[in-house]
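The block underneath contains the structure these notes are about, expressed in structure tokens.
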Amino acid sequence: MGEEERSGNRIKTGGEVDAGAIFVLKSKGTWWHCGFHLTTSIVAPPLLSLPYAFKFLGWATGISCLVGGAAVTFYSYTLLSLTLQHHASLGHRYLRFRDMAHHILGPKWGRYYVGPIQMAVCYGVVIANALLGGQCLKAMYLVMEPNGEMKLFEFVILFGGLLLVLAQIPSFHSLRHINFFSLVLCLLYSALAAAASIIIGNKSNGPEKDYAIVGDKETQVFGIFNAMAIIATTYGNGIIPEIQATLAAPVKGKMFKGLCMCYTVVIVTFFVVAISGYWAFGNQANGLIFTNFLNPETNHYLVPTWFIFLINLFTVLQLSAVAVVYLQPINDILESAFSDPTKKEFSVRNVIPRLAARSLFVVVATVFAAMLPFFGDINSLLGAFGFMPLDFVLPVVFFNFTFKPSKKSFIFWINTVIAVVFSCLGVIAMVAAVRQIVLDAKTYKLFADV
């Protein structure tokens, strides 16, 4: 049986026809479509927090962590792709992360560990994007109406309305044109953020540059691990198998080309924004670099208001694409649960439950985003708990279990070191995230207008 024929057999373990694979994870894409999906899932607005991570690390450690994050994730994603490719050549094309864990590590790993963690990460990203989208819409509104009285939760609801429409796009492959547009948008807002940082940094009345790491010893230590969690989350993906599932067979070599496209954009955007932002604002860099463009003393922007409007517009549009990409694994589960694979994709029998289920999940995410404007702290915990194992640990473990390299070989030991080091970092980052939640808890307020 050829790989092309096998990839068309959307069969679950046990022989049951899988509606999620038929309708959501269609294998029709090319390597550049894969590159668009990868870029949207990785090169997203969290990169605008990189100057903030640098303020806890300083120049040398910050750049080292950024380079290390790029190298390790590119390596681990490549290993994950090769593992998927190897199993496909043996007649088992796994379309989901949890399917890989089920067959490589055992059924309990897929059902009780990888599956729930991936769903928590994906849904957490959707909620965080809804919140950030609302914040960007509010920033655009305040540019037009400086004394406007609309609250943050109203803008989160507006952004949720946009997501409600986009969530109905039927399959992952259907997002290829949106994700190309997303790639262009991330280049645009990264260029604008870097340009604004350089302009402000060169102004005589700009912020004073101070690169000293502030705080007592305990604050500095936890700050380092928080910063590492931010960088890990920025490089995070968590849906590599689902993206590779969109490739038309044969898949050999296509994912690597897509990763090369993606990491070209990663290097251009991550490094430019991180270095220019930290250079301009030093240890005054905020969690989102846009907020540094406002002079807190005069309450006036340090760059033209049209510039602020554009940069937030590009960010909002890309956030919507990122959120829809991370809805795909959830849509896959919903489709498997509620759709009938023996009926046509757009039959009334399948369209009505699809519309209801997807809409419900978007509405709930929007309510959480509006209600919990401090979700960023919770998302840091999800990042440490989710992105670290999914993107740094499991790929090298899957590779070692699948290919069984000699215990004397370099690749076995480098994979083992990566798994151990990033498992430890994940635990420490979780502790740091919980500590931050405890410290910030006194400021939490439901539906706060921040």
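Worth saying up front: this structure is predicted, and the values here are computed from it rather than measured. All residue numbers in this chain count up from 1 along the given sequence.
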Item checked: Distance-only donor-acceptor check, side chains E345 and S339, under 3.5 Å -> no
Notebook entry, point to check: Side chains of M388 and V393: does their closest heavy-atom pair fall under 4.5 Å?
Noted result: no
Check: About how many Å separate CD1 of I243 and NE2 of H173, when rounded to the nearest 0.5 Å?
Finding: 14.0 Å
Next item on the list: Establish, from distance only, whether the side-chain atoms of T83 and Y94 form a donor-acceptor pair under 3.5 Å.
Entry: no
Next item on the list: Answer yes or no: are there more than 12 heavy-atom neighbours, outside W59 itself, under 6.0 Å from its atom CH2?
Entry: yes
Note to self: Tell me if the CZ atom of F403 is crowded by more than 12 foreign heavy atoms within 6.0 Å.
What the structure shows: yes
Note to self: If I take atom OG from residue S409 and atom CG from residue N400, how far apart are they, to the nearest 0.5 angstrom?
What the structure shows: 7.5 Å
Next item on the list: State, yes or no, whether a side-chain contact exists between H87 and I104 at a heavy-atom distance under 4.5 Å.
Entry: yes
Next item on the list: Using a 4.5 Å cut-off on heavy atoms from C-beta on, say whether the side chain of S76 contacts that of F422.
Entry: no
Item checked: F385, CZ: over 12 other non-hydrogen atoms inside 6.0 angstrom -> no
Check: Is it true that the side chains of S182 and T40 contain a donor and an acceptor less than 3.5 Å apart?
Finding: yes
Notebook entry, point to check: Would you say R111 has more than 12 foreign heavy atoms packed within less than 6.0 Å of its CZ?
Noted result: no
Item checked: Chi angles and distances behind the side chain to side chain contact (heavy atoms under 4.5 Å, CB included) call for L313, Y189 -> CA-CA 9 Å; L313 175 62; Y189 68 68; over 6 Å; no
Item checked: CZ (F307) with more than 12 external heavy atoms under 6.0 Å -> yes
Next item on the list: Answer whether the closest heavy-atom distance between the side chains of L132 and P45 falls below 4.5 Å.
Entry: yes
Next item on the list: First locate atom CG of L79, then atom CG of L394, and finally report the distance between them rounded to the nearest 0.5 Å.
Entry: 12.5 Å
Check: Does the side chain of H33 come under 3.5 Å of the side chain of T30 through a donor N or O and an acceptor N or O?
Finding: yes
Next item on the list: Report the relative orientation of the aromatic rings in F155 and Y141; use parallel for angles under 30°, tilted for 30 to 60°, perpendicular for over 60°.
Entry: tilted
Item checked: Side chains of T234 and L50 in contact at under 4.5 Å (non-hydrogen atoms) -> yes
Next item on the list: Please confirm whether Y235 and F392 have ring centers closer than 6.0 angstrom.
Entry: no
Note to self: Quick one, I239 and V325 - any side-chain contact, counting heavy atoms below 4.5 Å?
What the structure shows: yes
Next item on the list: Kindly check if the number of other-residue, nucleotide or ligand heavy atoms within 6.0 Å of CH2 (W31) is above 12?
Entry: yes
Next item on the list: Let me know which of L38, D391, V72 forms a side chain to side chain contact (heavy atoms under 4.5 Å, CB included) with Y77.
Entry: D391
Check: For F23, is the NZ or CZ atom of R354 found under 6.0 angstrom from the centre of its six-membered ring and inside 45 degrees of the ring axis?
Finding: yes
Notebook entry, point to check: Taking atom CZ of F180 as the centre, does the number of heavy atoms from other residues, nucleotides or ligands within less than 6.0 Å exceed 12?
Noted result: no
Next item on the list: Would you indicate whether the side-chain heavy atoms of N237 and L390 approach each other to under 4.5 Å?
Entry: no
Margin query: Whether the side chain of S359 engages the backbone of A356 through a donor-acceptor N/O pair (distance < 3.5 Å, no angle test) should be reported.
Written below: no
Notebook entry, point to check: Are any non-hydrogen side-chain atoms of V251 and R93 less than 4.5 angstrom apart?
Noted result: yes
Notebook entry, point to check: Can you find a side-chain donor-acceptor pair between N415 and Y75 that sits under 3.5 Å?
Noted result: yes
Note to self: Applying side chain to side chain contact (heavy atoms under 4.5 Å, CB included) to L259 and F74, what does each step give before you reach the verdict?
What the structure shows: CA-CA 7 Å; L259 280 168; F74 184 84; 3.8 Å; yes
Note to self: With a 6.0 Å cut-off (strictly less than), is the heavy-atom count around CZ of F271, excluding the residue itself, greater than 12?
What the structure shows: yes
